[in-house]
Amino acid sequence: MKVTEHIKKANGRTLFSFEILPPLKGQHIQSIFDTIDPLMEFKPPFIDVTYHREEYTYKELENGLLKKQVVKKRPGTVGICAAIQNKYQVDAIPHILCGGFTKEDTENFLIDLDFLGIENVMALRGDAVKSETYFKPEKEGHQYACELVSQIQDLNNGQYLDDELQNTSKTDFCIGVAGYPEKHMEAPSFDSDIHFLKKKIKKGASYIVTQMFFDNKKYFDFVDKCRSEGIIVPIIPGLKPIAIKKHLNLIPHRFKTDIPDDLIMAIVKCKDNAEVRQVGIEWCVEQSKELIKAGVPLVHYYSMGKSTNIKAIARQVF
Ligand code: FAD
């Protein structure tokens, strides 16, 4: 079922959903099931599975020269989605990127998803590869997520890259896109970021999932701004509980997300990461409760491959 249909069916009740990462190459799929199993009692209507593009590594050769290698450390997004739908009978939502994909790769990826009965996709640009400063699309790929949304929408209209194909089958994907309550890190201004977010919706996206935030006011202001710009699709808040002290620096650095001073101070005072984890859970519970009271359609949790803290939060909230 489409995300928009799940929301409609819930009839105003806030739903619980979460995102998982494919395991590192070499690990068994059981590690995914071990993350999902404890969360199934909260009846997620769907589970997101992230996509991880290739990385460059350098191997030293005997002669001292370095050999560049391209590796995908977390492959398996599509296979995991199929396994989730098969094992749990809930919708799995694969993330799909511009980065590392030509338009042809994208089309073939979408055909696989369609054949597997996957009805939703989360369309993202992706970040620059780790060794590069700026995002570079493939030669025959997309520069921005709005172009990817267009391609998915074309396929929904039965328009394939080869326009000589006749009597084509139409896909019927519901498309999600990312939104940034604190502005995307590369956007020159908040207004320009909203402008391009609106473009993704115009091209065919049906819902937005936000980047993590720790201050609900940022989410509420973002929603107000989107509404005033005519963006009327559901805006699903994404939350992540802080779990280790290192997150205090990692999260602002990696996601350009601010952490409120009260939360920082509470974490700084913690003796160890067990205490940090508890503070992170309590903060996230309060955020979730306030969002639910405000009538959000869904609260979406970033599990980062660990379900124990998400379970502790969901128990108090759902
Ligand atoms: P875009 O919407 O393309 O925006 C990127 C930047 O370009 C923004 O600054 C925007 O303002 C600007 N822009 C957009 N369109 C135009 C235009 N036409 N002209 C000029 N400027 C423009 N990354 C992964 O690698 N894998 C994942 O699975 C993944 N999942 C995510 C899930 C969520 C909910 C979120 C919020 C992020 C996720 N990301 C993931 C990270 C995401 O790929 C990065 O944040 C990336 O830097 C931007 O992606 P985007 O789709 O928002 O890009």
Side-chain angles (χ1 to χ4, degrees), residues 3 17-23 46-55 72-78 80-81 92-101 106 109 113 120-130 132-138 141-152 175-214 218-219 222 225-226 229 231 233-240 251-257 298-305:
V3 167
S17 68
F18 61 96
E19 169 183 299
I20 57 163
L21 278 69
F46 58 83
I47 299 169
D48 274 61
V49 184
T50 55
Y51 191 92
H52 298 260
R53 64 175 302 181
E54 73 285 3
E55 291 175 31
K72 262 194 189 166
K73 292 189 177 166
R74 292 182 185 272
T77 300
V78 176
I80 291 169
C81 286
I93 307 188
H95 292 192
I96 173 170
L97 305 181
C98 302
F101 280 73
T106 301
F109 189 90
L113 301 183
N120 304 279
V121 281
M122 182 78 187
L124 302 141
R125 188 197 69 178
D127 288 317
V129 282
K130 278 194 182 132
E132 290 173 353
T133 314
Y134 300 106
F135 174 81
K136 270 198 223 130
E138 292 302 297
H142 298 300
Q143 169 83 47
Y144 296 111
C146 62
E147 298 165 9
L148 174 58
V149 172
S150 277
Q151 186 179 358
I152 303 169
I175 309 166
V177 289
Y180 301 83
E182 297 177 59
K183 182 180 95 57
H184 182 255
M185 63 185 91
E186 294 163 28
S189 75
F190 191 61
D191 281 1
S192 80
D193 208 24
I194 299 280
H195 169 84
F196 291 119
L197 175 59
K198 192 170 173 183
K199 198 164 170 189
K200 292 193 274 195
I201 306 301
K202 263 196 185 154
K203 294 283 180 191
S206 298
Y207 70 97
I208 296 166
V209 182
T210 76
Q211 182 57 280
M212 65 183 73
F213 56 89
F214 298 91
K218 307 238 172 154
Y219 169 82
F222 174 68
K225 177 76 180 165
C226 288
E229 294 296 326
I231 298 173
V233 299
I235 302 178
I236 298 171
L239 296 184
K240 179 190 155 37
I251 289 172
H253 175 70
R254 176 107 197 271
F255 304 105
K256 301 287 174 283
T257 301
L298 246 137
V299 185
H300 186 71
Y301 294 92
Y302 295 107
S303 79
M304 306 284 184

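Whatever order the structure lists ligands and atoms in, that order sets their numbers, starting from 1. Bear in mind the structure is a predicted one, so any value in this text is a computation, not a measurement.
Across the listed options Pro188, Ala178, Gly100, Pro22, Ala178 owns the non-hydrogen atom lying nearest to atom 35 (C) of ligand 1. Distances from atom 33 (C) of ligand 1 to the heavy atoms of Tyr51, Tyr144, Phe255, Tyr302 show the closest one on Tyr302. With His95, Met212, Arg125, Lys200 as candidates, the residue nearest to atom 2 (O) of ligand 1 on a non-hydrogen basis is Lys200. For atom 40 (C) of ligand 1, the candidate residues are Leu124, Asp191, Asp48, Ile236; the nearest heavy-atom contact is made by Leu124.
For ligand 1, one of its N or O atoms has an N or O atom of His184 under 3.5 Å away. Looking at ligand 1, you'll find an N or O of Tyr180 within less than 3.5 Å of one of its N or O atoms. For ligand 1, the polar-atom distance check against Met122 finds no nitrogen or oxygen pair separated by under 3.5 Å. Of the polar atoms of His52, none of the N or O atoms is found under 3.5 Å from an N or O of ligand 1, judged by distance alone.
Considering only heavy atoms from C-beta on, His300 comes within 4.5 Å of Glu19 through its side chain. Between His52 and Pro22, some side-chain heavy-atom pair lies under the 4.5 Å cut-off. Put simply, the side chain of Leu197 reaches to within 4.5 Å of the side chain of Phe222, judged on heavy atoms. Side chains of Lys200 and Tyr144 form no contact here, defined as non-hydrogen atoms less than 4.5 Å apart.
Atom NZ of Lys240 is separated from atom CD of Gln211 by 11.0 Å, given to the nearest 0.5 angstrom.
Judged purely by atom type and a 3.5 angstrom limit, Asn120 has no side-chain atom pairing as donor or acceptor with the backbone of Ile93. In this structure, Tyr219 contributes its side chain and Ile235 its backbone to a donor-acceptor pair below 3.5 Å.
The part of Leu97 lying near ligand 1 is the side chain, judged by heavy-atom distances below 4.0 Å.
The nearest protein atom to atom 17 (C) of ligand 1, hydrogens excluded, is given as Phe196 CE2, 3.2 Å; this is a heavy-atom distance. Atom 44 (C) of ligand 1 has its closest protein heavy atom at Asp127 OD1, 3.3 Å.
When each atom of ligand 1 is checked for a heavy atom of Ala187 under 4.0 Å away, the hits are 9 (O), 11 (O). Residue-ligand proximity, Asp193 to ligand 1, at heavy-atom distances under 4.0 Å covers atoms 8 (C), 9 (O), 10 (C), 11 (O). Within ligand 1, counting atoms from 1 as listed, the ones closer than 4.0 Å to a heavy atom of Thr50 are 28 (O). The distance from ligand 1 to the heavy atoms of Val209 drops below 4.0 Å at these ligand atoms: 34 (C).
Within the 4.0 Å heavy-atom cutoff, Gly126 counts among the residues contacting ligand 1. Contact analysis leaves Arg53 out of contact with ligand 1, as no non-hydrogen atom separation drops below 4.0 angstrom.
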Going through the checks in order, is the ring pair (Phe, Tyr, Trp, His ring centres under 6.0 Å) test met by His253 and Phe255? CA-CA 6 Å; His253 175 70; Phe255 304 105; 9.8 Å; no
Assess whether side chain to side chain contact (heavy atoms under 4.5 Å, CB included) is satisfied between Leu239 and Phe213, documenting all intermediate values. CA-CA 6 Å; Leu239 296 184; Phe213 56 89; 3.8 Å; yes
Check the pair Phe135 / Gln143 against side chain to side chain contact (heavy atoms under 4.5 Å, CB included), numbers first and verdict last. CA-CA 8 Å; Phe135 174 81; Gln143 169 83 47; 4.1 Å; yes
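In this structure, a donor-acceptor pair under 3.5 Å is absent between the side chains of His95 and Thr50.
In this structure, atom 4 (O) of ligand 1 has its sub-4.0 angstrom surroundings free of protein heavy atoms.
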